[in-house]
Amino acid sequence: MATRDITAEGGSQVRNALLGIPAAYRSTVDLVRRKPLGAVGGATALILIFVAIASRLAILPVPDPYASVGDIFLAPSPEYPMGTDVIGRDILSRVLYGTWISLYVGLGSVLIGITAGFVLGITSTYAGGFVDLAFQRVVDALMSIPGLILALSIMAVLGSSLNNVILAIVIGMLAPVIRTVRSQVLTLKEMDYVTAARAIGARPQRIVFRHIMPNCLAIYIIMATYYLGFAIIIEASLSFLGVGAPPDEPSWGGILTVASREAPETGIWLLVFPGIFIFIAVLAFNVLGDALRDVLDPRLRGR
Amino acid sequence: MYAYIARRGLLFIPTILLTTILVFGLFWIVPGDAAMMILTGEEGDGGKVTEEDIKRVQKELGLDRPVYIQYGDWLWKILQGDFGDSVWYGTPILDDLKDRFFITLELAMLAIVLAFIAAVPLGVLSAVKQDSFLDHISRLLALVGIALPTFWLGILVIYGLTYFAGWLPPLGYATLWGDPFTNLQQLIFPALVLAFHDMAFTARVARSAMLEVMREDYMRTARSKGLNEWMVVGRHALKNALLPVITVSGYQFGRLLGGTIIIESVFVIPGVGRYLIDAIIHRDFVVVQGVVLLAAAVVLLLNLVVDILYGILDPRIRYS
């Protein structure tokens, strides 16, 4: 699709220049040219991932996020660009470390949740008949419990830890993911090439692996990007309510719990930075998701 | 028509039954023992809990019986309107929930109405003037609304009200019928915060529904008859586009309930959300179980109503 678009514009020079370059690079260039906003989202996402890894490896030039380094509630200054918190920890360093928590939970729950949703969705839809009917009723039931309420009660049962947050988010997103995959598979099942494959005697496994799954790849990537934003918000919400990340961990939501109590006395800067990071992270992944959807799956464009 | 309603209604029964099994199962597989958790919750540490204490609490909660009997007993009582007693407060859950339920419902309804009032004109205008400046602004607004965490927006609103206006919504809670003015003062800001988030979704749906309808043949017919553009958009397009918008709003209600719970926490509103979060902190699983089931039942009932309404309004649905 990338090359078709370029030739359509008559840019044979551009095309020749791009042909020698690996496909991944070419499609990146394509994304930047056609969806500048999405590309900004993608770049922001890459920066966030870099910050997350750097903070995990503790190679960022910031103080220890767990240790008190100065007086409490210092306003932003060159030494502490975002100020200090209730026990004198550097907020900048806590917010940067929070990137790791958000992305660890986000990527973890998205990889597990979307993959599990795809496996379950494709299997049950392709099995059809009673299995599908029964399974869809379970999905109905699961879907009736609002996501945040489901995640909250799972956290109540499991107790607060990062991996439990991942599990809670996975269960919360499973039902809608299965639903979307199902509708995609139902469409694909009726495609002429699937009928053709069946006509020449291909076994169901072959059809699923050769025809259904490759065609679900685009929607997998799109959903993963969207749900990453969703997962980051749910993690922040759970941590804000005190049932997500353990209280000492520098999660963005957790930082805001204390900040929301203290800010009226001390100043708005306590509130601003963690919130902006949540906002930017979610926005970046959503915008990237929009762009990927338009580029990877033209049928959904403008929806 | 009746056949459609009956078919849709019959589907409701297995789904709600499965939901009760899910909700019951969720708390039955609590790692460790529910009794132990309740005891350590009270005492603060596990050291002082004796074997006798555990036996006593287990018997109190009926946890010493086989699981299917526990489930059957639980379900039977719920069908009679008995959600059990709160372990922490010792009061019947349904009594605690009665007033709180209406507070949450009022907040959610207010938010839906506000979101709808803002989202429909926004979505319609951006579809009619596709790719115009207005369209870009409204799409940007939708992106922001979805990405902005509601609880953060809520905190900022409270901060803004105290700091810049020197005003805070009156504490406590006034009922709608007792003191409507105070009631509105308390609920309007949380409702606006929720509505902003909800508006983002609804405007997106309204825009794409309008775009779809505008491509229909009858739109061209209406225009070629010489009707003016407002007539065409208002009478022909909007009427048809509104249906999916209302449906999606109905299905979005679950998401809104989740948002309500967190926003009640931020604005200290004594609704179901505060009750649920207090129960979670106290590990009061009987309450959590009851509230989760209630939320699911409300969502399922609403979906049923939306589906039936859809069937009444759009005959194509009935025969598919």
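All heavy atoms count here, side chains included; hydrogens, waters and symmetry mates do not. Chain naming here is simple, since letters A, B, ... match the order of the sequence lines and numbering starts at 1 in each.
Residue A:I171: no heavy atom, backbone or side chain, is found under 4.5 Å from chain B. Of the atoms belonging to B:F151, it is side-chain heavy atoms, and not backbone ones, that fall under 4.5 Å from chain A. For a residue to count as touching a neighbouring chain, one of its non-hydrogen atoms must lie under 4.5 Å from one of that chain's; by this rule B:I261 touches chain A with the side chain only. Neither the backbone nor the side chain of B:V291 comes within less than 4.5 Å of any heavy atom in chain A. In this structure, chain A has no heavy atom under 4.5 Å from any part of B:L256. Both the backbone and the side chain of B:L148 come within contact range of chain A, with heavy atoms under 4.5 Å apart. Contact of A:L142 with chain B is made through backbone and side chain together, with heavy-atom distances under 4.5 Å. With a 4.5 angstrom heavy-atom cutoff, A:F240 touches chain B only via side-chain atoms. Heavy atoms closer than 4.5 Å to chain B are found in both the backbone and the side chain of A:V138. Residue B:L18 touches chain A through both its backbone and its side chain, counting heavy-atom pairs closer than 4.5 Å. For B:V298, no part lies under 4.5 angstrom from a heavy atom of chain A.
The choice from B:L11, B:T162, B:N303 that makes the most heavy-atom pairs within less than 4.5 Å of chain A is B:L11. Options B:A279, B:P149, B:P14 differ in how many heavy-atom pairs under 4.5 Å they form with chain A, and the most are formed by B:P149. Contact tally against chain A (heavy-atom pairs below 4.5 Å) for B:G258, B:A297, B:G160: the top residue is B:G258. Ranked by heavy-atom pairs shorter than 4.5 Å toward chain B, the options A:G159, A:S260, A:S153 are led by A:S153. Of the listed residues (A:I268, A:I276, A:L150), the greatest number of heavy-atom pairs within a distance under 4.5 Å of chain B belongs to A:I268.
When every heavy atom of A:L271 is checked against every heavy atom of B:I155, the shortest pair comes out as CD2-CG2, 3.3 Å. Across every non-hydrogen atom of B:W152 and A:G275, the tightest pair is CE2-CA, 3.2 Å.
Ion pair B:D198/B:R255 not flagged as a salt bridge, since none of the NZ, NE, NH1 or NH2 atoms sits closer than 4.0 Å to an Asp/Glu carboxylate oxygen. Using a 4.0 Å cut-off between charged side-chain N and carboxylate O, B:K129 and B:D135 make no salt bridge. The pair A:D290-B:R204 meets the salt-bridge criterion, since a charged nitrogen lies less than 4.0 angstrom from a carboxylate oxygen. Under the 4.0 Å criterion applied to side-chain N and carboxylate O atoms, A:D140 and A:R179 are assigned as salt-bridge partners.
No donor-acceptor pair under 3.5 Å is formed between the side chain of A:K35 and the backbone N or O of A:V287. In this structure, the side chain of A:S239 does not engage the main chain of A:A236 through any donor-acceptor pair within 3.5 Å.
The side chain to side chain donor-acceptor pair (under 3.5 Å) contacts involving residues 260-273 of chain B comprise B:T104-B:E264, where partners must be two or more places apart or lie in separate chains.
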Test log, rule side chain to side chain donor-acceptor pair (under 3.5 Å), inputs B:D284 and B:Y275: CA-CA 10 Å; B:D284 193 342; B:Y275 191 55; over 6 Å; no

